[in-house]
Amino acid sequence: MTTVSNAEYRGVWVFIEQVAGEPAPVSWELLGAGRQLADALEVELAGVLLGQGVAGLVSEAWAYGADRVYLVEDPVLGPYRTAPYARALVELVQRYRPEILLLGATSLGRDLSGAVATALGTGLTADCTGLNIDPATRLLEQTRPAFGGNVMATILCQRHRPQMATVRPRVMPLPPRQEGRQGELVRVGIALKEEEALATVLKVIEEKGKAIYLDRAEIIVAGGRGLGSRENLRLLEELAGVLGGTLGASRAAVEAGWLPPEYQVGQTGITVRPKVYFAIGISGAIQHLVGMQNSEVIVAINKDPEAPIFKVATYGIIGDFQEVVPALTEEFRRQLAARSA
Ligand SMILES: Cc1cc2nc3c(=O)[nH]c(=O)nc-3n(C[C@H](O)[C@H](O)[C@H](O)COP(=O)(O)OP(=O)(O)OC[C@H]3O[C@@H](n4cnc5c(N)ncnc54)[C@H](O)[C@@H]3O)c2cc1C
């Protein structure tokens, strides 16, 4: 086996995730983050696109900042399956040698990244919330919450390449889309065989009515243990209804059975980045904060002035939500009616 020195690995890559031609928005968020890393290293930013009939996404990758796109189109890459996707990505890495490879921490990205990192024998940090370049060493500083979120750990991959990381959707901001921006397209042929795919997709079953897309919501009205009962959710539903927002919950509210788990915001729930986040009867435990502290505006309503949620709140109201929330709902309703009149 020939050994390749780390200096021969150059460039930042982002895996462009798509399912049935539909791109995962986290791919564009990662191109934004990748752009900053590539600029700090003075190297190129490339997207990697695997699939069948997905060439239409190449110009999107350029528009979101990729200098180059490596495209592998093959019928074996039609539906996602671990083995052929991993083999294609491993082979691309071995041929073109990026120093950094980023994937979204979606179920697909988590599955693929583990298979690729083990095949390459390199390091992988899952669920990063921060990525930085150390200018002295050119190493990628991969930061993620550890020990239940009570510690932020910064992890380095010093000796192996590429340095691999997954990042959750909505942790990084979506970069501006630059219409008409051009890049380079590199089509790569990789000999993939259907019989090596190991799995057959028989049927894709869509979960109907369940998807709430909390991570796409612009306004989230989230409740915690302080609500005291499921009935009190009604007040939050009314506020959300007036503002066109979506409900959210702390883990305590989910564990109490007031809302289903897909509403949970936080470290073991969903990371959100709405324009406005209402935290109502939520104390602001670190495991909750890591899932919502990047919201543009945070409104905290809590009767305890010492609650840690007030440290991240843009606006804080100290009081009983049973009085505050109906008053806010009424005032928003009045203001919105006045505006549309
Ligand atoms: C490994 C691990 C992962 C975790 N992951 C998550 C996660 O993803 N998401 C998450 O949320 N948590 C998570 N947790 C749990 C987290 O540590 C907290 O226990 C949880 O966030 C607390 O929820 P809460 O703020 O609703 O409840 P509490 O901490 O009990 O806070 C209730 C708040 O309501 C206020 N209140 C009470 N009555 C009223 C009233 N009438 N009006 C106004 N305010 C009132 C109180 O002052 C208090 O601040 C995790 C924990 C661990 C160990």
Side-chain angles (χ1 to χ4, degrees), residues 129 145 148-150 152 168-171 173 212-340:
T129 53
N150 292 309
M152 294 303 278
R168 281 209 206 187
R170 303 300 266 176
V171 171
I212 57 158
Y213 303 114
L214 205 52
D215 60 344
R216 298 279 117 196
E218 297 212 323
I219 297 178
I220 295 176
V221 180
R225 195 184 339 249
L227 295 186
S229 74
R230 184 206 289 259
E231 288 64 53
N232 285 332
L233 264 182
R234 193 181 39 86
L235 298 177
L236 276 58
E237 275 164 355
E238 279 169 18
L239 177 57
V242 166
L243 296 175
T246 307
L247 287 184
S250 72
R251 182 152 122 180
V254 168
E255 279 176 352
W258 302 338
L259 276 169
E262 61 266 26
Y263 288 85
Q264 184 182 317
V265 173
Q267 188 185 317
T268 44
I270 295 166
T271 305
V272 300
R273 212 188 176 96
K275 291 209 166 85
V276 188
Y277 188 90
F278 289 87
I280 304 173
I282 293 178
S283 61
I286 183 72
Q287 296 88 356
H288 189 80
L289 297 185
V290 293
M292 46 64 78
Q293 63 195 0
N294 287 330
S295 306
E296 279 175 42
V297 171
I298 297 171
V299 183
I301 302 166
N302 198 304
K303 65 179 189 186
D304 173 11
E306 303 297 325
I309 192 73
F310 288 121
K311 294 205 184 90
V312 301
T314 323
Y315 303 105
I317 303 173
I318 300 164
D320 189 326
F321 79 92
Q322 306 223 40
E323 291 164 25
V324 176
V325 174
L328 276 179
T329 306
E330 200 36 54
E331 186 59 22
F332 281 129
R333 189 178 279 136
R334 219 173 51 80
Q335 296 273 347
L336 286 168
R339 217 189 269 186
S340 60

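- Sorted by first and then second residue, the side-chain hydrogen bond (donor to acceptor under 3.5 Å, both in side chains) pairs involving residues 265-275 (not counting sequence neighbours) are R168-T271, E218-K275, R251-T268, Q264-T268.
- Listed for the H288 side chain is a donor-acceptor partner under 3.5 Å among the backbone atoms of V265.
- Side-chain contact between F310 and I318 is present, with heavy atoms from C-beta onward closer than 4.5 Å.
- Using a 4.5 Å cut-off on side-chain heavy atoms (C-beta onward), V299 and Y277 make no contact.
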CA sep, side-chain torsions, deciding dist, call: I280, L235, side chain to side chain contact (heavy atoms under 4.5 Å, CB included): CA-CA 11 Å; I280 304 173; L235 298 177; over 6 Å; no
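- Side-chain contact between M292 and I309 is present, with at least one heavy-atom pair separated by less than 4.5 Å.
- Under a 3.5 Å cut-off, the side chain of S250 and the backbone N or O of A253 do form a donor-acceptor pair.
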Trace of the side chain to side chain contact (heavy atoms under 4.5 Å, CB included) decision for T246 with V221: CA-CA 6 Å; T246 307; V221 180; over 6 Å; no
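- For the pair L259/L233, a side-chain contact is recorded, criterion being any heavy-atom separation below 4.5 Å from C-beta on.
- The shortest distance between side-chain heavy atoms of I301 and L328 falls below 4.5 Å.
- For A300 against A313, the heavy-atom pair with the smallest separation is CB-CB, 3.8 Å.
- Note on ring orientation: taking the six-membered ring where Trp is involved, the planes of F278 and F332 are perpendicular (angle over 60°, cut-offs 30° and 60°).
- Taking 4.0 Å as the cut-off between side-chain N and carboxylate O, R234 and E237 do not count as a salt-bridged pair.
- Checked by atom type and distance alone, the side chain of N302 pairs as donor or acceptor with a backbone atom of I282 at under 3.5 Å.
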Test side chain to side chain contact (heavy atoms under 4.5 Å, CB included) applied to V297 and Y315, step by step: CA-CA 8 Å; V297 171; Y315 303 105; 3.8 Å; yes
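- In this structure the side chain of P169 reaches within 4.5 angstrom of the side chain of D215, judged on heavy atoms.
- Side chain of T329 to backbone of E238: no donor-acceptor contact under 3.5 angstrom is found.
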Verdict with reasoning, V290 to T129, per side chain to side chain contact (heavy atoms under 4.5 Å, CB included): CA-CA 9 Å; V290 293; T129 53; 5.6 Å; no
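- Looking only at side-chain heavy atoms (C-beta outward), F321 and N232 come within less than 4.5 Å of each other.
- Interatomic distance, L289 CG to N294 CG, rounded to the nearest 0.5 Å: 11.0 Å.
- Considering all non-hydrogen atoms of both residues, A217 and P274 come closest at O-CB, 3.4 Å.
- Rounded to the nearest 0.5 angstrom, I219 CD1 and E296 CD are separated by 11.0 Å.
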